[in-house]
Amino acid sequence: MIYKQFKDKKLSALAFGCMRLPIKNGVYADIDEQMAAEMIDYAMKNGVNYYDTAWGYHDGNSEIAMGKILSKYPRESFYLASKFPGYDLSNMDKVEEIFERQLEKCQVKYFDFYLIHNVCEMNIDHYLDEKYGIFDYLLKQKQNGRIKHLGFSAHGEIGVIQRFLEKYGQYMEFGQLQINYLDWEFQKAKEKTQLLTNWNIPVWVMEPLRGGKLASLASEDEAKLKALRPDESIPAWAFKFLQSLPEVTTILSGMSDMKQVEENIKTFAEDKMLCEKEMQTLMNIAECMTGKTKLPCTACRYCTSHCPLGLDIPELIRLYNEHRFTEGGFIAPMVLSSYEKEKLPNACIGCRSCEKVCPQNIKIAEMMSDFSVRLKEV
């Protein structure tokens with residue numbers, strides 16, 4: 001197992017994400033605890049020492065299951081992370097109640113790592129509003145030793161993350177971002193990583209396989225990778241990409257069966273960083289994958305000066321590209337939840353003034369209409 005130094009701790013470069021534990025009969029809330037225990041036992045014996053759960057995972061049952069399973073091991077043999085569930089605004093005034101319950105569910109007296117969860121457009125104002133006392137309470141728990149290290153996770157845009165860091169950045173010991181070779185450019189993961197680096201904040205990675213999209217590729221893309229490394233599995237390429245980023249400390253992988261655990265541990269047995277040619281091959285594959293559905297907006301912003309409603313058309317196109325590629329997902333709706341009603345895609349009146357000045361000849365009015373329909377289906 002590869003280990004990375006974090007302060008006085010050596011963290012396994014592979015972290016066990018507990019959002020996708022094995023389940024029974026296809027029911028997300030019904031965790032197969034026996035199978036999960038076998039998987040975690042194998043992970044523990046093979047050097048994985050970081051386990052990441054959260055209040056909402058498996059409809060609230062992930063923390064309970066992990067508490068039962070990890071209670072069999074000496075407390076000093078593993079690092080446990082959980083999170084404050086700010087993705088639900090009704091939780092904002094319940095930080096003490098939730099934190100105390102999380103300790104009970106996980107059967108521990110402290111969390112090694114605790115995150116202010118999913119900083120994004122929807123909740124940034126609430127997180128920054130001191131009346132909820134979220135940060136003050138969590139900082140107090142850190143001072144009392146019930147949180148060893150305090151950090152945050154974010155799916156929000158760079159501007160949102162910047163706002164959060166301007167208020168709390170000096171207290172954040174680590175930041176968790178969605179990073180993978182597809183999102184390195186597509187979701188601006190590169191810029192987000194650089195932002196944390198500028199703040200001297202170590203980077204944790206979530207969604208290394210992009211929800212499974214990078215576990216298998218089109219046959220022609222797989223052939224390109226096999227030509228470079230015949231013995232490397234396709235999922236391993238995604239992990240090797242992240243292992244090649246010096247900013248990354250640990251990489252969370254949600255594992256649902258023993259085969260995934262075994263293969264991931266094999267991948268993390270040694271550092272085999274990508275060379276420049278291999279890295280460029282992955283970037284080309286990512287561009288091809290997103291390019292099949294992506295509207296070619298260059299954000300020249302000629303369109304915005306001709307929109308009578310002042311819509312942020314380049315940003316809406318970017319969100320449309322994400323939503324269309326993902327075939328739904330939460331990112332676009334999450335970002336748009338912070339928009340005024342008159343700035344949403346369905347506000348477009350179809351005048352096509354923007355299209356007359358678009359150098360890429362994008363059918364913007366049609367995009368707005370399609371985006372509105374797709375959002376209704378979420």
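One-based numbering along the sequence shown. Side chains included, hydrogens not; waters and symmetry mates left out as well; all remaining heavy atoms used. This structure is a prediction, so every number in the text was calculated from the model and none was measured.
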**Asked** When you check the side-chain N and O atoms of Ser62 and Thr53, is any donor under 3.5 Å from an acceptor?
**Response** yes
**Request:** Classify the side-chain pair Lys83/Tyr57 by whether it contains a donor and acceptor separated by less than 3.5 Å.
**Result:** yes
**Asked** Are Gln102 and Tyr114 close enough that a side-chain donor and a side-chain acceptor fall under 3.5 Å?
**Response** yes
**Electrostatic pair Arg101:Glu104 at N-O distance under 4.0 angstrom** = yes
**Asked** What residue among Trp199, Phe135, Phe152 forms ring-ring contact (aromatic ring centres under 6.0 Å, His included) with Tyr168?
**Response** Phe135
**Prompt:** Which pairs count as ring-ring contact (aromatic ring centres under 6.0 Å, His included) when at least one residue sits in residues 21-47, sequence neighbours excluded?
**Reply:** Tyr28-His58
**Prompt:** Parallel, tilted or perpendicular for Phe6 and Phe113, by the 30°/60° rule?
**Reply:** tilted
**Request:** Hydrophobic side-chain clustering at under 4.5 Å (ILVMFWY, transitive links): who's grouped with Val27? Put none if nobody.
**Result:** none
**Message:** Do the side chains of Lys94 and Glu97 get close enough for a salt bridge, i.e. N-O under 4.0 angstrom?
**Reply:** no
**Message:** My understanding is that only residues two or more places apart in sequence, or in another chain, count here; which of them pass salt bridge (Lys or Arg N to Asp or Glu O under 4.0 Å) with Glu173?
**Reply:** Lys7, Lys142
Distance-only donor-acceptor pairs under 3.5 Å for side chains of residues 249-267, two or more places apart:
{"residue": "Thr250", "atom": "OG1", "partner": "Ser12", "partner atom": "O", "Å": "2.8"}
{"residue": "Thr250", "atom": "OG1", "partner": "Ala13", "partner atom": "O", "Å": "3.4"}
{"residue": "Ser253", "atom": "OG", "partner": "Asn264", "partner atom": "ND2", "Å": "3.0"}
{"residue": "Ser256", "atom": "OG", "partner": "Arg20", "partner atom": "O", "Å": "2.6"}
{"residue": "Asp257", "atom": "OD1", "partner": "Lys259", "partner atom": "N", "Å": "3.2"}
{"residue": "Asp257", "atom": "OD1", "partner": "Gln260", "partner atom": "N", "Å": "2.9"}
{"residue": "Gln260", "atom": "OE1", "partner": "Ser256", "partner atom": "N", "Å": "2.7"}
{"residue": "Thr267", "atom": "OG1", "partner": "Glu263", "partner atom": "O", "Å": "3.0"}

**Item:** Salt bridge flag under 4.0 Å for residues Lys240 and Glu232
**Value:** no
**Request:** Would you mind listing every ring-ring contact (aromatic ring centres under 6.0 Å, His included) that reaches into residues 297-322, with sequence neighbours excluded?
**Result:** Tyr320-Phe371
**Item:** Partner residues of Arg301 under the salt bridge (Lys or Arg N to Asp or Glu O under 4.0 Å) criterion, sequence neighbours left out
**Value:** Asp312
**Asked** Is the CD atom of Glu342 crowded by more than 12 outside heavy atoms at less than 6.0 Å?
**Response** yes
